Amino acid sequence: MASPHILLFPFMSKGHTIPVLHLARLLLHRGAAVTLFTTPANRPFISAALSDTTVSIIDLPFPRNIDGLPPHVESTDKLPDMSQWPRLAVAAKLMKPYFEQALNSLPRISFMITDGFLGWTLDSAQKFGIPRLVYYGMSNFSWSLSAVASQSRQLLIDLELDNDKLFTFPSFPWIKFSKNDFNPEIVHPEYQDKLYREFVLEHVQATAKSNGIIVNGFYELESVYADYWNREMGPKAWCVGPLCLAAPPRKKQENYQTPSWIQWLDRKQEEGKPVLYVAFGSQADISREQIKQIKTGLEKSGVNFLWVVGKNQVEDDDGFEYRVKDRGMLVKEWVDQREILEHSSVQGFLSHCGWNSVMESICAKVPILAWPMMAEQPLNAKMVVEDIGIGLRVETSDGSMNGFVKWEKLEKVVKELMEGEMGKELRKKVKQVGGAAAEAVAEGGSSWNALNELINELHAER
Ligand code: UDP
Ligand code: UDP
């Protein structure tokens, strides 16, 4: 049998692309040929990340002049405002004829793994008789609970007036939820515009008809939820992660120069000062007022911190950077987050709980201060704090999921993690979980085996 040829098509955002680049490496390692689809503006980032591999990259023309989208933006993390993202996702559908042209000219394809938000690729896959697996970048925990919550919408709506009321779902009687654990979109799809609702419906239906789901996680972390999903929901979830463990070590790459923030962390290590890493992913929009509270909270806590501010503007109109210069560093560039998390002086992570950040933190054995901001992040935060037990929740002032956080709450929880007994316990626990993650991806581990089975099963069918 010829070796497998696997096609990958990640969605146009860093959070959906980076893990798929790691997956490409795993597939190459199993002897597969890999072709990866993207768009012209996203190509340089991907080519650079995969420059040491044989992945062949095809960029399809991305539609121009779409209403409500700035020209030349082909990625959600380049959008000035995240509320525009459904437009970008819908525009992506216009790539379909180019995608099919490319499928026509490629050597025989064993199967494709395309992003959940590219639901239209199922139709192309079916036309060409190619199995399609879906990548969403969500845990089984979030998958299962989002599905159960959508099925129980009326229950959630009935709780409308009482945000703090706790309830359970019959399938998961051991977890107490409040309405704030769910993104309002799940409870009230009608709040979203028509374009978005149709888009969601389309990609959810396409997922249901696909051949499986690739989960960036490992079975032992969430066996109950993986089993539930495979028994009650489907299509079959394949847990093949944490994918970040497939990334090559940074220092082995050619032309490596130690970035200034890593040098700073080295100095903190010499001083024996633990550092809190602060970052909210590639796309969260954070208000000016909220940024002020973060500054005050970090300053009052007295801890050492490295804050990657990303696309959010942190204005230095109050001398903040000068006042904290001995113990705080602000970074405005793109960083290698794994390299930071793996630095031994980093002892805590204030995170929005994007699923990649959670996986990377676990693998680096760093406990989390969970501050979810959008999408399925509240469920990730719940899992981190209550289910896995490797973090503390940052409280919002009104208890709502994406509410405002006052500096006093932030200061308190930062000190608890960095200086308190609780922090020590959580560090112990995350070491165990991180160890289990490494075992899962090692030869003979659950993720290793799952990837082999997946390739054998789908390739043999063809
Ligand atoms: N990029 C991307 N998607 C886009 C636009 C740009 O991934 O829609 C990537 C691009 O490949 C490059 C990086 O972002 O690696 C910087 O792009 P840009 O030209 O926008 O420069 P910036 O102003 O962000 O430094
Ligand atoms: N990331 C990075 N450097 C940055 C910002 C983000 O490497 O400066 C990576 C981070 O390590 C993670 C991804 O971008 O792999 C962000 O994904 P996540 O799910 O954490 O959050 P999102 O950006 O999707 O909200």
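First listed ligand is number 1; within each ligand, the first listed atom is number 1. Just so you know, these numbers come straight off a predicted model, no measurement behind them.
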Quiz item: Which residues pass the side chain to side chain contact (heavy atoms under 4.5 Å, CB included) test with Glu321, sequence neighbours left out?
Solution: Asp316, Leu330, Lys332
Exercise. Under the ring-ring contact (aromatic ring centres under 6.0 Å, His included) rule, collect the residues that match up with Tyr98, sequence neighbours excluded.
Key: none
Quiz prompt | Side chains of Ser446 and Glu220, donor plus acceptor under 3.5 Å | solution = yes
Quiz prompt | Distance-only polar pair, side chains of Lys268 and Asn304, donor-acceptor under 3.5 Å | solution = yes
Exercise. With sequence neighbours excluded, tell me which residues meet side chain to side chain donor-acceptor pair (under 3.5 Å) with Ser210.
Key: Arg132
Practice problem: Say whether Thr258 and Gln263, considering side chains only, have a donor N or O and an acceptor N or O under 3.5 Å apart. | Solution: no
Which N or O atoms of ligand 2 sit under 3.5 Å from a protein N or O, and how far apart is each pair?
unit_1	atom_1	unit_2	atom_2	d
ligand 2	3 (N)	Val335	O	2.7
ligand 2	7 (O)	Val335	O	3.1
ligand 2	7 (O)	Gln337	N	3.4
ligand 2	8 (O)	Val335	N	3.1
ligand 2	11 (O)	Gln337	NE2	3.4
ligand 2	11 (O)	Glu360	OE1	2.6
ligand 2	11 (O)	Glu360	OE2	3.2
ligand 2	15 (O)	Glu360	OE2	2.6
ligand 2	17 (O)	Asn356	ND2	3.2
ligand 2	19 (O)	Trp355	N	3.4
ligand 2	19 (O)	Asn356	N	3.1
ligand 2	19 (O)	Asn356	ND2	2.9
ligand 2	20 (O)	Ser357	N	3.0
ligand 2	20 (O)	Ser357	OG	2.5
ligand 2	21 (O)	His352	NE2	3.0
ligand 2	23 (O)	Ser282	N	2.7
ligand 2	23 (O)	Ser282	OG	2.6
ligand 2	25 (O)	His352	NE2	2.9

